Amino acid sequence: NSFFCHCLFYRDIYYFSYIITSTHEDDEACAAALKDGRIFLFHHLSPLLQLWTRNYSSLGSDGSLLKESVLIGCSEQNQAQFCLDVGKNAALEENFKGNFIDLRKAFFLLDGPEAPLVSQALLRWHQTSRFCSATGQPTQRNQAGSQRVCSSSSTIYYPKMSTVAVVLVSDGKRCLLGRQSSFPRGLYSVLAGFCDMGETLEEALCREVAEEVGLEIQSISYSSSQHWPFPHSSFMLGCHASVSPAHTQVKLEDARWFTVEEITHALQVKTPPRRGDPPSLWLPPKPALANRLIREWVERQDRT
Ligand SMILES: NC(=O)C1=CN([C@@H]2O[C@H](COP(=O)(O)OP(=O)(O)OC[C@H]3O[C@@H](n4cnc5c(N)ncnc54)[C@H](OP(=O)(O)O)[C@@H]3O)[C@@H](O)[C@H]2O)C=CC1
Ligand SMILES: [Mg+2]
């Protein structure tokens, strides 16, 4: 039964990828998909939070604004999904009965796979890739928004992303979380860092953990990955790793070991601590890869 489910899952992924790849390349197919698709609206890169609507008539009767939509993917119901930055047309907020709010704030309100994380990164890429870096000439996008071309040098530009190594370090009984001064009050997360050019994922993890907390990790195991729009466009590769229980002294002032009881309690916390509240641990929200790594670690502790 489980084998059958896996087959079905991979077949579905293959089918969705096929639809998306062909729609990326075919301008007409993409324009047709836009008619029945779902559009995530943004204003200056802030997403519109609203109840579900399909009335896009106020996006311009001539469809000019709609043409600027960028294809993001396909929903599980096989519906094409697009994103669009309405730019100066913020008055649309009223038409759609919702609010444009900062993505970082919206992120803490969203739950589940609908979070249009990749949209902001794609829209930002279009806004900052209007000119060819070799000729200085304007670039033109295809209908899907999956590439931009400089017609004078024939250079094709694709959306860029930086690779980030993310790791939950454990000493067998406790897990290591750190915080940066820019984090909201009480928030601790897994360790992470950008991969340098030429580095393997494993090398990047070892270097980042050594740099940030002065520990030597071993037994790295891959968990899962995620696209991440902050600060620009990143591809996060999430792993678990361990350190010897004999060498757990951390160098970084803002990194701490947490017991499974502390983490289990913090996973129940639904709202961030406010000014004046007693100090308490707050963990990254569910859609973040960090949250998944932390939950996986708790499940492993429960099993042992
Ligand atoms: N989704 C999730 O669950 C998680 C996401 N993250 C994300 O991972 C990212 C990286 O984590 P962080 O600990 O900050 O990384 P680092 O420890 O690598 O520190 C960030 C610094 O790295 C430098 N840097 C090197 N390469 C790049 C690049 N390609 N783009 C931007 N900066 C670069 C910058 O320094 P300088 O400006 O001095 O050059 C930057 O300030 C963050 O955006 C964070 O939000 C982290 C953990 C979990
Ligand atoms: Mg870091």
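Order of listing sets the numbers, starting from 1, for every ligand and every atom in it. Predicted model, so just to flag it, every value in this text is computed and none were measured.
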Exercise for review: Run through the protein N/O/S atoms less than 2.8 Å from the Mg ion (ligand 2) and write them out by chain and number.
Suggested key: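 You should have found A192 O, E212 OE2.
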Pairs of nitrogen or oxygen atoms closer than 3.5 Å, one from [X] and one from ligand 1: do any exist?
| X | result |
| --- | --- |
| Q226 | yes |
| H232 | no |
| M236 | no |
| F230 | yes |
| W228 | yes |
| L289 | yes |

Among all protein heavy atoms, pick out the one at the shortest distance from [atom]; state its residue, atom name and that distance to 0.1 Å.
| atom | answer |
| --- | --- |
| atom 3 (O) of ligand 1 | A290 N, 2.7 Å |
| atom 14 (O) of ligand 1 | Q180 NE2, 3.4 Å |
| atom 40 (C) of ligand 1 | F194 CE1, 4.5 Å |
| atom 17 (O) of ligand 1 | E212 OE2, 2.8 Å |

Check your understanding: So with a 6.0 Å cut-off around CD of Q218, is the heavy-atom count from everything else above 12?
Key ->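 Count over threshold, so yes.
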Check your understanding: E212: what forms a salt bridge (charged side-chain N to carboxylate O under 4.0 Å, His left out) with it, not counting sequence neighbours?
Key ->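 Here no residue qualifies.
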Are [Y] and [X] connected into the same hydrophobic cluster when the rule is that any two of I, L, V, M, F, W, Y join if their side-chain heavy atoms are below 4.5 Å apart?
| X | Y | result |
| --- | --- | --- |
| V70 | V149 | no |
| L191 | Y222 | yes |
| V250 | L205 | yes |
| V166 | L267 | yes |
| I220 | L176 | yes |

Element-labelled atoms of ligand 1 that are located less than 4.0 Å from some non-hydrogen atom of [X]:
| X | answer |
| --- | --- |
| G193 | 15 (O), 16 (P), 17 (O), 18 (O) |
| E208 | 17 (O), 18 (O) |
| S162 | 29 (N) |

Is there side-chain contact between [X] and [Y], with heavy atoms separated by less than 4.5 Å?
| X | Y | result |
| --- | --- | --- |
| D254 | S181 | no |
| L122 | F82 | no |
| W125 | R148 | yes |

Flag [atom] as yes if some protein heavy-atom distance to it falls below 4.0 Å, otherwise no.
| atom | value |
| --- | --- |
| atom 35 (O) of ligand 1 | no |
| atom 32 (N) of ligand 1 | yes |
| atom 19 (O) of ligand 1 | no |

Review point. Should the ring pair Y188 and F258 be called parallel, tilted or perpendicular, given that the plane angle runs from 0 to 90° and is split at 30 and 60?
Key: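 Ring orientation, 0 to 90° scale: perpendicular.
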Check your understanding: Nearest to atom 46 (C) of ligand 1 by heavy atom, A192, A204, A288: which?
Key ->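 Heavy atom nearest to atom 46 (C) of ligand 1 belongs to A192.
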**Study point:** Pair R207 + E211, salt bridge at N-O below 4.0 Å
**Key:**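 Yes, R207 and E211 are salt-bridged.
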Review point. Quick one: does ligand 1 sit under 4.0 Å from the side chain of V164, the backbone, both or neither, non-hydrogen atoms only?
Key: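 Just the side chain.
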Review point. Should the proximity of P231 to ligand 1, defined as any heavy atom under 4.0 Å, be assigned to the side chain, the backbone, both, or neither?
Key: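 The answer is both.
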Check your understanding: ring-ring contact (aromatic ring centres under 6.0 Å, His included) with W228: which residues, sequence neighbours excluded?
Key ->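 Applying ring-ring contact (aromatic ring centres under 6.0 Å, His included) to W228 gives F107, F230.
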Point to revise | salt bridge (Lys or Arg N to Asp or Glu O under 4.0 Å) contacts in which one or both residues fall within residues 162-171, not counting sequence neighbours | key: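 The answer is D171-R174.
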Review point. Under 3.5 Å, is there a donor-acceptor pair linking the side chains of E216 and H247?
Key: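 The answer is no; no qualifying pair exists.
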